[in-house]
Amino acid sequence: MGAMVLLDMVGGVALLLWGLHMVHSGVVRAFGSDLRRFLDAALRNRFSAFLAGLCVTALLQSSTATGLMTASLVTGGTVNLVPALAIMLGANVGTSLIVQALSFNVSAVAPILFLIGVTAFKRSKDTRTRDLGRVAIGIGLMVLALHILLDTLAPAENAPAVRTLLGAITNEPLLCVLMAAALTWAAHSSVTVVLLVMSLAYSNFITPVAALALILGANLGSAINPLVEGSRSDNPASRRLPIGNLLNRLLGCLLVLPLLHPIAALLSEIEPNPSRMAADFHTAFNLALAVVFILPLNGLAALLTRLLPDHRKVDDPSAPLYLDAAALATPSVALVCAARETLHIGDIIETMLRQTREALLHDDRRLIAEICRMDDAVDRLDEAVKLYVTKLTRESLSERDAHRAMEIISFSINLEHVGDIIDKNLMELATKKVKRQTVFSAEGAAELQSFHDEVCDNLKVAFSVFMSGDVKLARQLVTEKAALRVAEFAAAERHLARLRDGRSESIESSSLHLDILRDLKRIHSHICSVAYSVLEHAGELQHSRLKDVEQSASFAANDESAASAGRLEPRPS
């Protein structure tokens with residue numbers, strides 16, 4: 001009987017974990033980017049950050065996910081450590097509210113949640129509605145899993161072997177703390193472990209003191225996962241937040257552990273139900289930690305900064321600045337990291353493009369060599385961005401996140417192509433100009449400079465389109481592409497006119513002049529490519545510039561009929 005009880009209990013825990021995973025993935029897919037922006041906007045002070053952490057964790061059903069999302073913001077330098085620590089205090093309270101909601105007898109709600117969730121997931125064509133259906137199914141599975149655990153443990157209450165085993169394991173409070181911490185780290189969910197403890201306490205398998213000790217261990221274990229994830233990054237800033245959260249939890253456990261017996265006696269008088277008592281202790285513990293630590297967060301942040309100082313910045317332009325490995329667990333945050341790194345590539349491309357003008361007009365050999373080295377950095381950064389986003393797309397993404405991932409890869413590739421054109425074409429032309437000591441005519445130099453400035457200006461517009469997805473700006477960029485094509489033709493016509501006039505400078509620089517115009521137009525085409533994805537997503541792009549086949553066939557038939565009629569007409573006499 002003991003083996004069957006253990007097997008059923010493991011199955012119930014597995015179902016609970018899967019339900020929790022469905023809720024988390026559904027909320028991330030439906031509101032991931034919105035939650036990140038909400039966190040970013042709520043970081044004005046520690047109190048609003050605390051409330052934001054509470055709300056986001058209540059939605060995500062995971063303080064670990066909130067911690068990873070916040071840690072990526074801290075690592076990127078957009079969020080200070082103090083409000084980030086306050087977010088984690090709120091996240092810890094948020095997990096206790098989830099437990100409070102599930103501690104009541106809500107098993108009758110499970111079939112309703114399944115019906116709503118399956119209907120929304122199967123019938124709706126809207127992506128967000130399908131994701132919310134997934135959330136409803138996940139919550140239903142969690143409720144069903146709790147019901148299974150309670151039904152499994154109830155008949156086993158009289159099993160002496162099971163009772164003896166659990167009594168021996170949970171006899172020592174410190175051992176309970178360590179065991180629950182290890183179990184929470186392995187399960188990646190404090191909610192699951194706390195609910196399991198509540199089920200064991202309800203069936204009288206463990207004493208009230210052991211239940212409270214296990215609750216302490218679950219709280220301690222939930223702070224380990226963000227620390228493990230943060231250790232993958234070389235940036236010390238990525239470890240400050242999880243270490244600060246772990247210190248808060250550890251200190252709280254050390255303070256409460258010696259007082260477990262009087263606390264258990266007091267709570268037993270207030271709440272005789274051992275399951276509800278465990279849930280109330282979980283909430284009270286996290287609220288107490290928030291009250292105690294929310295004011296001294298400045299000192300804790302200063303201590304963490306001294307213990308984990310920033311690395312000295314190495315002057316390596318090919319080193320990624322924003323690709324945080326820990327953020328891969330949260331797709332919406334990881335996509336922001338990848339987008340920022342793509343903008344980093346864009347900054348290098350803009351510098352290369354502006355320096356290209358100087359190299360072409362002033363015959364600067366040193367600048368030519370520097371631009372070529374910068375292209376090597378662009379190549380390596382492009383590879384890093386593609387690899388990072390590819391790792392992200394191995395997991396299932398929402399339609400919106402998958403579209404954004406393809407936009408990032410596409411823009412990164414186009415920027416890398418721009419770097420190649422500058423390096424392998426324009427710099428080669430600049431080298432030829434220096435060797436041959438070619439001089440542009442005053443009019444030709446002015447034309448090239450004006451054409452070049454137009455390309456640089458539209459590069460900035462492309463950055464705005466890439467980050468904002470603004471349809472109006474995207475249409476403007478496509479219009480500029482057509483206008484630049486006309487400008488190139490006009491500049492070439494003026495150059496040919498100077499050739500006809502016999503201008504010696506124009507004759508000597510003719511090939512260079514036309515090749516530079518051609519390469520700048522190619523660069524501009526790659527820059528404008530970012531607009532097409534935005535316009536296509538908005539439904540403002542035609543599938544083809546070709547006429548319809550039927551219409552073309554009709555025109556061809558009419559022309560052929562007219563030609564035949566012309567051939568059959570009698571010749572005039």
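When a residue number appears, it is its place in the shown sequence, counting from 1. This structure is a prediction, so every number in the text was calculated from the model and none was measured.
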Give a yes or no on whether the backbone of Leu473 and the side-chain of Asp470 come within a donor-acceptor separation of less than 3.5 Å. yes
Geometric cation-pi criterion Arg340 and Phe463, 6.0 Å radius, 45° cone: no
Will you find, in the side chains of Asn80 and Arg46, an N or O donor that is under 3.5 Å from an N or O acceptor? no
Donor-acceptor pairs are to be reported for all side-chain atoms of residues 83-93 against protein atoms at under 3.5 Å, with residues two or more places apart or in another chain.
from, atom 1, to, atom 2, distance (Å)
Asn92, OD1, Arg249, NH2, 2.1
Asn92, ND2, Met88, O, 3.1
Asn92, ND2, Asn245, OD1, 3.3

Taking side chain to side chain contact (heavy atoms under 4.5 Å, CB included) as the criterion, tell me which of Leu323, Thr342, Ile348 meets it with Leu381. Ile348
Sequence neighbours excluded, every pair satisfying salt bridge (charged side-chain N to carboxylate O under 4.0 Å, His left out) that has a member inside residues 368-384: Arg366-Glu370, Asp382-Lys386, Glu383-Lys386
Does Asp131 pair with Arg134 as a salt bridge, N-O distance under 4.0 Å? no
Between Glu341 and His344, do the side chains contain a donor N or O and an acceptor N or O under 3.5 Å apart? yes
Would the distance check show the side chain of Ser199 and the main-chain N or O of Leu195 forming a donor-acceptor pair, the cut-off being under 3.5 Å? yes
For Leu415 against Val378, the heavy-atom pair lying closest together: O-CG1, 4.4 Å
Asp280 versus Gln100, side-chain donor and acceptor atoms under 3.5 Å: yes
Rounded distance (nearest 0.5 Å) linking atom CG of Leu183 with atom CG of Leu178: 12.5 Å
